[in-house]
Amino acid sequence: MKTKIFALVDCNNFYVSCERVFRPDLKNKPVIVLSNNDGCAVARSNEVKALNISVGTPVFKIADLIKKHDIQIYSSNYALYGDMSERVMNTISSFVSSIEIYSIDEAFLDLSDISETEITNFCKKIQQTVYQWTGIPVSIGIAETKTLAKIANRIAKKSKKAKGLLDLTQSPYINHALEITDVEDVWGVGRQYGKFLKKHGILNALQLRDAAHYLIRKKMGICGTKMQNELKGKSCFPLETNPPAKKGITVSRTFKKAVTNIKDIKEAIATFVSRGGEKLRREKSVAKLMIVYISTGRFIDKTYCASKAISLPVPTNNTPELICYAMDAIEKIFRQDFLLKKAGVIFQELAPENSYQTGLFDRIDRKKSKKIMTSLDAINKKMGAGTLKYAATGLNPSPKWRTVFNMRSPAYTTDWNQLPCV
DNA sequence: TCTGGGGTCCTAGGACCC
DNA sequence: TCTGGGGTCCTAGGACCC
């Protein structure tokens, strides 16, 4: 059997690159994109990485650095990033028959059919085309397994010589590549495992590959074994071209300012439930279980968190029905005197919309409610999110609990009113 | 003062059944 | 009344990913 060849295409500093496409003046300047509520740094340009600002740093902790280096700060603009991602993925897809869209900014490709001598040129072509068509710079790592392709990609990004492209298949430098890869940078090794491995003298990917099998198996389970095999060039993670159905759907938000009254919490939860209902319907799923939760912040003394799970008598994705149950649940778990900072709803035990168990005593006309939901989704899609909404979600256009994005760029590509002007 | 959101998988242990 | 073993299912917790 011919050995598999995987490529990992990864957008460089994706959110920052999206902002730069429409603001070319930001090139070579330090840029940060923030999380919801403008809280933490979630994307950093190379200039910012060079300042040792790590991902997840709260922005208030680096106020002085921002000022000193004139770092450009942006709120998250998911409409823009989602659309740019689609353009990038469509472009890559036009080159290959097998693609796994792994995240908003990464895709694995199967290049087994490309002849060895052609692979580098083929990938260069992908790189150039993506940049030309979308303005997004990408790096590509190539190897016999996904884990090695990840490593190749990391090095491709960092090394000046590689110019964003590195092929480690049959490479005489493979050991060297593994040796210069910190063990914590291996795909599947996080903080905890990293600490453990380093304690045992396993500092880099090469040492991890050659480490005692029983030790890795015992601590990291079957994933550890697969990881070692992948580092040896034996593929254990195949390309997943058809994403499996989701197993759960969550909608949750942190509030910029703490919320203390039940009316606000109810509005927030009703809003999250509506959003969750939309997501369920888009997936063509119904939920059997809904969990509603509220909590105080993590950084205070007097904490409180509570949740309520609701087993739905008939699995559903019907927003008003879900809102009713959620409102009941909130009544039960809400406590005065706590500064609530976060709330959310989780849908679990999902089933396909068309093949669920109906209830014997079900009094809801499900055909009718489905029609209403379909129309509502269609109108909101056409006229903009939130055009039609339920009164329970609140009538105030900017309620206290609303997520803030004070430094957001325009939705350049998805809103006629925000198109860039030349 | 100010600290994100949405996922997946594996494992150990307990309950329960035969 | 005492004794054994094997299997399945569920759940909570812990790890990871982006």
Side-chain angles (χ1 to χ4, degrees), chain A residues 8-11 13-15 32-44 53-64 66 73-78 81-82 85 89 100-108 146-147 150 153-154 183-197 216-227 236-237 240 243-258 272 275-276 279-280 282-283 289 291 293 295-300 303 307 309 311 339 341-350 403-408:
Chain A
L8 174 65
V9 185
D10 191 324
C11 302
N13 319 324
F14 182 55
Y15 293 178
I32 288 178
V33 174
L34 301 175
S35 63
N36 280 1
N37 288 317
D38 298 334
C40 302
V42 291
R44 305 150 297 148
I53 295 173
S54 49
V55 66
T57 309
V59 70
F60 70 85
K61 285 191 178 170
I62 47 170
D64 46 340
I66 292 171
I73 306 286
Y74 284 87
S75 303
S76 291
N77 185 344
Y78 301 115
Y81 311 149
S85 171
M89 297 306 169
E100 173 186 345
I101 297 172
Y102 178 67
S103 74
I104 193 164
D105 70 337
E106 283 171 78
F108 285 104
K146 284 180 163 182
T147 306
K150 275 264 183 190
N153 192 294
R154 262 191 77 81
V183 74
E184 270 190 42
D185 294 329
V186 175
W187 195 36
V189 177
R191 275 263 258 301
Q192 300 304 315
Y193 290 156
K195 229 192 272 174
F196 169 86
L197 293 168
I216 304 302
R217 175 68 178 85
K218 185 151 186 267
K219 180 73 181 176
M220 302 170 69
I222 191 71
C223 290
T225 300
K226 287 186 178 177
M227 190 183 302
C236 297
F237 304 121
E240 309 266 4
K246 280 199 170 48
K247 307 206 161 155
I249 286 175
T250 305
V251 181
S252 72
R253 292 290 180 275
T254 299
F255 309 124
K256 183 91 182 170
K257 280 192 176 159
F272 304 159
R275 189 76 247 290
K279 288 188 181 186
L280 282 169
R282 196 182 345 128
E283 289 275 315
L289 186 71
I291 301 157
Y293 70 90
S295 74
T296 56
R298 291 170 295 162
F299 306 102
I300 58 169
T303 59
S307 66
S311 274
L339 300 169
K341 278 286 278 184
K342 187 172 181 179
V345 59
I346 304 168
F347 296 104
Q348 285 183 344
E349 295 179 32
L350 307 189
T403 314
V404 301
F405 301 93
N406 285 331
M407 293 158 283
R408 185 148 66 187

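Lettering of chains follows the sequences in order, A, B, ..., and the numbering in each one begins at 1. On a predicted model such as this, the values are computed, not experimentally measured, just so you know.
Backbone-only contact: A:Gly248 has heavy atoms under 4.0 Å from sugar-phosphate atoms and none from a base. Counting any heavy atom pair closer than 4.0 Å across all strands shown, A:Lys226 reaches no nucleic acid atom. Residue A:Val189 is in sugar-phosphate contact alone, with no base atom involved, counting any heavy-atom pair closer than 4.0 Å across all strands shown. Note on A:Leu34: nothing from the nucleic acid sits closer than 4.0 angstrom, heavy atoms only. Contacts of A:Lys219 with the nucleic acid, taken as non-hydrogen atoms under 4.0 Å apart, are absent. Within the nucleic acid shown, A:Asp105 comes within 4.0 Å of sugar-phosphate atoms alone, with no base atom in reach, counting heavy atoms only.
The structure places CD1 of A:Ile62 at 5.5 Å from OG1 of A:Thr57, a figure rounded to the nearest 0.5 Å. The distance from the CZ atom of A:Arg154 to the CG atom of A:Asp185 is 3.5 Å, given to the nearest 0.5 Å. Considering CG of A:Asp10 and CG of A:Asn153, their distance stands at 4.5 Å, rounded to 0.5 Å.
Taking a heavy-atom distance under 4.0 Å as the criterion, the stretch of DNA chain C touched by chain A extends 5' to 3' from C:dA15 to C:dC18.
Checked for salt-bridge contact, A:Lys150 and A:Glu106 meet the test: a charged N lies under 4.0 Å from a carboxylate O. Using a cut-off of 4.0 Å between Lys/Arg side-chain N and Asp/Glu carboxylate O, A:Glu100 and A:Lys146 are scored as salt-bridged.
Residues satisfying the side chain to side chain contact (heavy atoms under 4.5 Å, CB included) test with A:Ser35, not counting sequence neighbours, are A:Cys40, A:Val42. Partners of A:Thr403 according to the side chain to side chain contact (heavy atoms under 4.5 Å, CB included) rule, which considers only residues two or more places apart in sequence or in another chain, are A:Asn36, A:Asn37, A:Arg253, A:Phe405. Remark: A:Tyr15 engages A:Tyr81 in a ring pair (Phe, Tyr, Trp, His ring centres under 6.0 Å) (not counting sequence neighbours). For A:Tyr102, the ring pair (Phe, Tyr, Trp, His ring centres under 6.0 Å) partners two or more places apart in sequence, or in a different chain, are A:Phe108, A:Trp187.
Nucleotides C:dG4 and B:dC17 have their C1' atoms positioned 14 Å apart, rounded to a whole Å.
Nucleotides of DNA chain B nearest to A:Lys61 and A:Lys279 differ in position, and the one nearer the 5' end is that of A:Lys61. Nearest-nucleotide positions on DNA chain B place A:Asp38 closer to the 5' end than the other of A:Lys247 and A:Asp38.
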Would you sketch DNA chain C in dot-bracket for me? Only Watson-Crick or G-U wobble pairs with both distances under 3.5 Å count, crossing pairs as [ ], other-strand pairs as |, the rest as dots.
....||||||||||||||

